[in-house]
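To find a chain, count down the sequence lines: A is the first, B the second, and so on, and within it residues start at 1. Computation of the quantities below employed the complete heavy-atom set of this structure, encompassing side-chain atoms and omitting hydrogens, waters and symmetry-equivalent molecules.
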Protein chains: 2
Amino acid sequence: MITQTNQRIIIIEPSTIVFAGLQSIIERMHIAESIYHVTELDTITQKLAQLRADIIIVNTAVFGFHKNLSIKSIFKDCTHASIIAFVSQYSDSQFLKQFDDIIDIYDDAQTISAKIRHIIEQDTIDITETDTTELSEREQEVLIAVVKGLINKEIASTLNISIHTVMSHRKNITRKTGIKSISGLTVYALFNNLIKQEDVQ
Amino acid sequence: MITQTNQRIIIIEPSTIVFAGLQSIIERMHIAESIYHVTELDTITQKLAQLRADIIIVNTAVFGFHKNLSIKSIFKDCTHASIIAFVSQYSDSQFLKQFDDIIDIYDDAQTISAKIRHIIEQDTIDITETDTTELSEREQEVLIAVVKGLINKEIASTLNISIHTVMSHRKNITRKTGIKSISGLTVYALFNNLIKQEDVQ
DNA sequence: TGTTGACTCACTATAACTAGTGATGAGGCT
DNA sequence: AGCCTCATCACTAGTTATAGTGAGTCAACA
């Protein structure tokens with residue numbers, strides 16, 4: 001699989017915290033050459049072209065309540081950049097249609113990564129298959145239950161299947177991931193955002 | 001100046017992005033031993049005491065519109081934790097007075113760092129009882145081995161004790177922490193910095 | 001149409017863990 | 001001296017998990 005690791009990204013976001021969060025998530029993707037922070041729209045419009053960004057993520061809040069704006073014209077100098085809306089509060093759905101994609105403040109890291117990857121892949125010709133999920137849906141369900149601390153019998157009853165099936169799934173999970181221990185599976189599940197820390201135990 | 005580098009911090013914040021931002025800013029301060037993410041209030045209240053946090057940062061949005069809540073009573077099990085409000089939208093100022101400090105979503109990194117440092121310094125003055133670790137040294141060793149994925153027999157041989165002793169320790173660990181599942185112990189060990197993620201499995 | 005993968009279930013035998021009780025010696029604290 | 005914790009070990013009985021093999025149904029796909 002060919003990955004692009006030289007993306008130039010601009011984030012237009014008033015809040016330092018939110019910027020830091022997006023930055024941190026994007027950095028973990030190892031696709032960005034640079035991440036540029038802009039807090040206001042006005043100060044940047046002329047310089048945008050200069051920065052030659054590949055991706056611009058813009059908090060729709062910076063547009064204020066003037067929702068009749070044309071995104072195309074605002075970013076007219078960035079012809080080859082993909083513009084992603086970042087929505088942290090209600091935004092008009094017609095307005096949002098102008099963007100290449102939308103990231104919601106409540107999206108999880110996996111979703112955000114997927115959206116950005118998708119944008120990059122659209123721009124890149126050589127898309128080879130993206131990581132298909134290693135585990136089947138049912139296997140993920142079983143894994144989540146295991147990590148929640150349920151024993152096989154309990155998993156069987158919550159999923160309405162026989163304990164034999166549960167064991168069968170668990171054997172397949174072990175085979176596919178190569179992880180034998182519950183603690184290892186816990187880290188795997190946390191890392192892959194299959195479960196939240198507070199749901200464990 | 002004595003700096004505290006072993007703060008256990010819980011962030012109660014629905015948005016992954018905002019959490020990642022706070023995490024990233026706090027990590028740069030090098031004061032946190034662990035940063036725990038919780039997305040909802042309901043799922044965590046009973047477990048809060050167990051986690052023995054020093055600082056709890058809570059997005060006031062999780063309280064919804066019921067602003068007559070007593071913060072003291074919600075966090076009654078965390079007597080020694082400082083509670084910081086994280087405000088991302090309008091919040092009643094009377095309500096906010098209950099908190100030890102307030103972080104606003106538009107605060108810059110420097111301001112946030114200063115606020116957190118201030119909280120820590122206040123606390124370090126009135127440390128009378130050093131929060132001795134809940135688990136004995138031997139129990140910690142056993143716990144780490146468990147979380148590494150070793151089975152009791154293996155733990156026995158690496159620690160040069162009988163398998164009976166290992167089980168004895170494990171029983172005590174379960175009794176003291178109240179955590180029965182290996183996955184729960186894994187989260188506990190990660191949060192309490194007893195083990196690094198990469199050492200698991 | 002034949003293959004593959006997902007999902008389901010079963011049987012066997014062995015290994016490992018859990019829970020409860022009990023015991024001993026070392027060391028610290030009051 | 002008495003009390004407590006830690007660390008060590010043991011026995012019992014019951015529960016749960018692991019490993020290996022096998023097999024049927026169903027849907028997708030080439």
Side-chain angles (χ1 to χ4, degrees), chain A residues 1 127-189 192 194-195 200-201, chain B residues 49-50 52 127-189 192 194-195 200-201:
Chain A
M1 187 173 92
I127 332 149
T128 54
E129 246 324 281
T130 46
D131 332 336
T132 48
T133 323
E134 196 174 15
L135 300 179
S136 76
E137 205 170 317
R138 207 53 163 166
E139 284 160 356
Q140 286 186 34
E141 283 173 25
V142 171
L143 171 59
I144 289 165
V146 168
V147 173
K148 274 184 178 168
L150 277 64
I151 62 174
N152 288 351
K153 199 165 64 175
E154 294 169 332
I155 299 170
S157 80
T158 56
L159 296 183
N160 287 315
I161 52 176
S162 135
I163 190 169
H164 307 293
T165 311
V166 175
M167 289 192 286
S168 193
H169 286 310
R170 291 197 58 177
K171 278 181 284 190
N172 290 330
I173 292 167
T174 305
R175 181 177 48 77
K176 286 181 176 178
T177 62
I179 301 170
K180 294 183 75 170
S181 71
I182 293 179
S183 46
L185 290 174
T186 306
V187 171
Y188 176 91
N192 289 86
L194 294 174
I195 192 167
V200 179
Q201 149 190 199
Chain B
Q50 231 172 56
R52 297 184 305 121
I127 285 177
T128 42
E129 34 117 29
T130 42
D131 220 15
T132 49
T133 324
E134 194 175 18
L135 300 179
S136 75
E137 205 169 319
R138 207 52 162 168
E139 285 159 355
Q140 285 185 37
E141 283 173 27
V142 171
L143 171 59
I144 290 165
V146 168
V147 173
K148 274 184 179 168
L150 277 65
I151 62 174
N152 289 351
K153 199 165 67 177
E154 294 169 332
I155 299 170
S157 81
T158 55
L159 296 182
N160 287 312
I161 52 177
S162 139
I163 190 170
H164 307 293
T165 310
V166 175
M167 289 192 285
S168 193
H169 287 310
R170 290 197 59 177
K171 276 183 285 190
N172 290 330
I173 293 167
T174 304
R175 181 178 48 78
K176 287 181 176 178
T177 62
I179 301 169
K180 293 182 78 169
S181 71
I182 294 180
S183 46
L185 291 173
T186 306
V187 172
Y188 177 92
N192 288 286
L194 295 173
I195 192 167
V200 180
Q201 143 191 206

Distance col, row B:K148:NZ vs B:L194:CG, nearest 0.5 angstrom, shows 11.5 Å

Rounded to the nearest 0.5 Å, the CD atom of A:E137 sits from the CD atom of A:Q140 at a distance of 7.5 Å

Just the rounded figure in Å: distance from C1' of C:dA6 to CD of A:Q140. 13 Å

Which heavy atom of B:L185 sits nearest a heavy atom of B:I179, and at what distance? N-CG2, 3.5 Å

Check side-chain hydrogen bond (donor to acceptor under 3.5 Å, both in side chains) between A:E139 and all other residues, then give those that pass, not counting sequence neighbours. A:S136, A:K176

Would B:Y188 and B:I173 count as a side chain to side chain contact (heavy atoms under 4.5 Å, CB included) here? Give the steps. CA-CA 11 Å; B:Y188 177 92; B:I173 293 167; over 6 Å; no

Taking all atoms of both residues into account, what is the closest heavy-atom pair of B:S181 and A:G149, and its distance? CB-CA, 3.7 Å

Minimal heavy-atom distance between B:S183 and A:V147, with the atoms involved, is OG-O, 2.7 Å

Using a 4.0 Å cut-off to any heavy atom of chain B, which nucleotides of DNA chain D are the first and last in contact, reading 5' to 3'? D:dC6 to D:dA10

Please report the C-alpha distance between A:T186 and B:I182 in whole Å, then the side-chain angles of each, then the deciding distance to 0.1 Å, and finally whether the side chain to side chain contact (heavy atoms under 4.5 Å, CB included) criterion is met. CA-CA 9 Å; A:T186 306; B:I182 294 180; 5.9 Å; no

Cut-off 3.5 Å, no hydrogens considered: what does the side-chain donor-acceptor table look like for residues 155-165 of chain A, sequence neighbours left out?
{"from": "A:S157", "atom 1": "OG", "to": "A:E154", "atom 2": "O", "distance (Å)": "3.2"}
{"from": "A:T158", "atom 1": "OG1", "to": "A:E154", "atom 2": "O", "distance (Å)": "3.2"}
{"from": "A:T158", "atom 1": "OG1", "to": "A:I155", "atom 2": "O", "distance (Å)": "3.0"}
{"from": "A:S162", "atom 1": "OG", "to": "A:H164", "atom 2": "N", "distance (Å)": "2.8"}

Protein-nucleic acid N or O pairs under 3.5 Å, nucleotides 19-21 of chain C:
{"from": "C:dA19", "atom 1": "OP1", "to": "B:K180", "atom 2": "NZ", "distance (Å)": "3.1"}
{"from": "C:dG20", "atom 1": "O6", "to": "B:K171", "atom 2": "NZ", "distance (Å)": "3.4"}
{"from": "C:dT21", "atom 1": "O4", "to": "B:K171", "atom 2": "NZ", "distance (Å)": "3.1"}

Measuring from B:M167:CE to B:T174:OG1, what's the distance to the nearest 0.5 Å? 12.5 Å

Can you tell me the distance, in whole Å, between the CD atom of A:E137 and the C1' atom of C:dG5? 14 Å

Under 4.0 Å from any atom of DNA chain C, heavy atoms only: list the residues of residues 150-166 of chain A that qualify, in numerical order. A:I161, A:S162, A:H164, A:T165

So CG of B:L135 and OG1 of B:T177: to nearest 0.5 Å the spacing works out to 6.5 Å

Applying side chain to side chain contact (heavy atoms under 4.5 Å, CB included), run through A:N172 and A:R175 and close with a yes or a no. CA-CA 5 Å; A:N172 290 330; A:R175 181 177 48 77; 3.2 Å; yes

Which atoms of nucleotides 26-29 of chain C (N or O only) lie under 3.5 Å from a protein N or O atom, and what are those distances?
none

Roughly, in whole Å, what's the span from CD in A:E141 to C1' in C:dC7? 11 Å

